[in-house]
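Numbering starts at 1 and runs along the sequence shown.
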Amino acid sequence: MTEREVRVRFAPSPTGPLHIGGVRTALYNYLLARKLGGKMLLRIEDTDQNRFVPGAEEYILEALAWCGIVIDEGVGVGGPHAPYKQSERKPMYKQYADQLLADGHAYYAFDTPEELDAMRARLQAAKVPNPQYNSITRTQMRNSLTLPEDEVKGLLDSGMPYVIRLKVPRKEEVRFQDLIRGWVVVHSSAIDDKVLMKSDGMPTYHLANIVDDHLMEISHVIRGEEWLPSAPLHVLLYRYLGWEKTMPQFAHLPLLLKPDGTGKLSKRDGDRLGFPVFPLEWRGIDAETGEPTLSRGYREDGYLPEALVNFLAFLGWNPGSQQEIFSMDELIQAFSIERVSKSPAKFDQNKVKWFNEHYLRAKPNAELAPYLLKALEEQNILCSPARAEQIVSVMKERVSFPQDFWQEAQYFFQAPGSYDEAVVSKKWNPQVSAALAAYADALPGTSEMTAEDLKARFSQTMEAQGLKTGQVLQLLRVAVTGRAAGPDLFETLAILGPTEVAARLRVAITTLG
Ligand code: GLU
């Protein structure tokens with residue numbers, strides 16, 4: 001038997017911005033496809049028109065592209081199974097519902113919303129814990145299993161609205177092997193007769209999903225744990241449609257939990273704790289108030305896509321070694337479904353920041369300088385790219401996000417307006433003041449001097465003043481930058497240049513006495 005081609009799909013519904021849990025699902029699909037030399041598909045599951053949100057589809061495409069998740073086939077790319085958007089595939093599904101009807105695995109149901117409500121109320125009154133339309137209750141309802149054949153025909157001919165439901169067997173064990181969870185066994189009495197086709201002729205998620213996965217020759221379905229309860233129903237559909245032999249392998253990913261592990265990670269947790277749960281910023285409309293809403297995104301908050309991807313890869317998977325830093329290519333090499341955990345993964349905002357710091361520091365200065373230059377431009381401050389590169393090179397060990405460069409590096413462009421109170425009140429004295437004045441006098445009136453020379457000159461001057469450099473170093477920093485801490489001091493002074501350093505020292509001495 002020839003090995004089956006690996007074909008995986010990410011199949012989001014465009015109901016709003018893509019949650020980072022969805023990004024993780026897309027990532028794991030992508031890693032597996034690349035690892036096994038297969039294809040990654042993107043299908044948009046928009047059969048539920050009531051939940052459609054404008055802009056969501058574009059958002060999904062942009063978010064995946066930003067993360068470096070490349071789609072081989074699907075929405076935005078095309079391919080042999082186009083269209084890949086379910087609403088555009090609407091005419092394809094009916095024949096499969098008809099096949100199920102003809103084979104006795106599905107039936108017409110004519111119940112009105114009132115009749116369905118009455119059924120639920122009846123069952124609730126009888127203390128049935130989870131009232132459902134199923135193998136027991138269907139015998140009491142108005143459907144093609146209970147009504148005489150000619151009446152059914154009459155109703156259909158008269159244009160009476162109907163849905164098509166799956167006829168779930170009453171007593172049967174449905175089992176399948178999940179690649180992450182092992183054998184999953186569910187008794188059919190726990191499965192309800194799900195609607196497959198709605199009264200407007202639109203398939204539901206369940207039918208469309210199975211038909212498309214089959215037609216698109218999907219080999220592995222990798223998706224979130226919230227779909228695990230639907231999987232037995234999907235297995236039944238594959239069986240009844242005669243597709244069991246080529247049924248994809250299932251892998252249900254572990255849940256993403258709040259940082260404290262008390263429940264599923266939601267947007268509200270992000271808002272409360274100050275981190276985004278979406279890859280990109282999202283401008284939406286509040287469903288209740290109709291007011292415009294703004295949700296933060298990793299991209300706009302200054303995270304690098306490499307950092308988010310590396311972080312998400314570890315939320316539910318580990319390489320089995322101590323290595324934590326993985327590029328996309330390294331993830332592809334290392335990834336395997338066997339190492340995906342079935343226990344839920346806790347979100348850790350410090351960890352994603354840690355990854356960001358790592359990737360920021362690994363970036364060449366020439367790629368970081370534009371962040372600083374952009375902020376400077378907004379402030380109308382002139383700076384050459386070469387100087388911006390020098391500044392980011394000394395600052396990058398100290399920042400977590402690109403937008404911090406300006407915040408942290410302001411003193412390279414503006415003399416300090418104040419001096420760190422705590423250090424000044426504790427350590428500033430006339431002897432220090434005199435020593436710093438001597439250093440200012442010892443600096444040449446040129447714009448350039450190396451860090452080593454500035455340091456050597458400082459040591460000589462302090463020695464002549466009878467002071468140890470350690471006694472004055474921090475005050476030198478405070479006098480020149482206003483701050484008690486920062487990057488390498490003499491590198492900082494070298495970037496400022498001896499003339500500027502001397503001028504700032506004189507101002508500090510006058511101000512602080
Ligand atoms: N449309 C479903 C979703 O929004 C896809 C579930 C699946 O992958 O089967 O997550």
Derivation of the side-chain hydrogen bond (donor to acceptor under 3.5 Å, both in side chains) call for Tyr93 and Asp212: CA-CA 9 Å; Tyr93 303 109; Asp212 285 346; 2.7 Å; yes
Minimal non-hydrogen separation, [X] against [Y], with atom names:
X      : Y      : value
Ala369 : Glu389 : CB-CG, 3.7 Å
Leu493 : Val501 : O-CG2, 3.7 Å
Leu331 : Ala313 : CD2-CB, 3.6 Å
His252 : Ala231 : CE1-CB, 3.8 Å
Ala438 : Gln465 : CB-NE2, 3.4 Å
Val277 : Ser266 : CG1-O, 3.6 Å

Check whether more than 12 heavy atoms from other residues, nucleotides or ligands sit under 6.0 Å from atom [atom1] of [X], and answer yes or no.
X      : atom1 : answer
Lys35  : NZ    : yes
Arg361 : CZ    : yes
Arg339 : CZ    : yes
Lys346 : NZ    : no
Lys351 : NZ    : yes
Lys264 : NZ    : no
Glu226 : CD    : yes
Glu377 : CD    : no

Answer yes or no: is there a donor N or O on one side and an acceptor on the other, between the side chain of [X] and the main chain of [Y], under 3.5 Å?
X      : Y      : value
Thr481 : Val478 : no
Arg299 : Glu281 : no
His19  : Gly21  : yes

Validation row: [X], [Y] side chains within 4.5 angstrom (heavy atoms):
X      : Y      : answer
Asp48  : Ser13  : no
Ser341 : Asn318 : no
Gln249 : Phe176 : no
Lys363 : Val392 : no
Tyr411 : Thr492 : yes
Gln471 : Gln431 : no
Val23  : Trp66  : no
Val221 : Arg223 : yes

side-chain contact (heavy atoms from CB on, under 4.5 Å) assessment of Leu304 paired with Asn356: CA-CA 6 Å; Leu304 300 170; Asn356 209 51; 3.8 Å; yes
Under 3.5 Å side-chain donor-acceptor pair for Glu73 and Tyr84: yes
Any side-chain donor near an acceptor of the partner, Asp260 and Thr262, under 3.5 Å: yes
Report the distance from atom [atom1] of [X] to atom [atom2] of [Y], rounding to the nearest 0.5 Å.
X      : Y      : atom1 : atom2 : result
Leu489 : Leu454 : CG    : CG    : 9.0 Å
Arg7   : His81  : CZ    : NE2   : 4.5 Å
Ile71  : Leu61  : CD1   : CG    : 8.0 Å
Glu357 : Ser400 : CD    : OG    : 3.5 Å
Leu473 : Leu467 : CG    : CG    : 11.5 Å
Leu372 : Ile381 : CG    : CD1   : 9.0 Å

Audit row: Phe412, Gln390, side-chain contact (heavy atoms from CB on, under 4.5 Å) steps and yes/no: CA-CA 11 Å; Phe412 283 103; Gln390 276 183 312; over 6 Å; no
Indicate yes or no: does [X] engage [Y] in a salt bridge with an N to O separation below 4.0 Å.
X      : Y      : value
Arg9   : Asp213 : yes
Asp441 : Arg506 : yes
Arg4   : Glu217 : no

Pi-cation contact, Phe335 with Arg34 (under 6.0 Å, within 45°): no
Check against side-chain contact (heavy atoms from CB on, under 4.5 Å), Ile60 and Val75: CA-CA 10 Å; Ile60 291 166; Val75 172; over 6 Å; no
[X] and [Y] aromatic centres sub-6.0 Å:
X      : Y      : value
Phe355 : Tyr303 : no
Trp282 : Tyr59  : yes
Phe326 : Phe314 : yes

Parallel, tilted or perpendicular, as decided by the 30° and 60° cut-offs, for the rings of Phe458 and Phe490: tilted
Leu207/Thr47 under side-chain contact (heavy atoms from CB on, under 4.5 Å): CA gap, chis, key distance, verdict: CA-CA 10 Å; Leu207 180 65; Thr47 53; over 6 Å; no
Salt bridge (charged side-chain N to carboxylate O under 4.0 Å, His left out) contacts in which one or both residues fall within residues 476-500, not counting sequence neighbours: Glu408-Arg483, Glu500-Arg504
Matching residue for Phe311 among Phe347, Tyr298, Trp354 - test: ring pair (Phe, Tyr, Trp, His ring centres under 6.0 Å): Phe347
Step-by-step salt bridge (charged side-chain N to carboxylate O under 4.0 Å, His left out) determination, Arg272 to Asp269: CA-CA 5 Å; Arg272 185 168 53 88; Asp269 303 315; 3.2 Å; yes
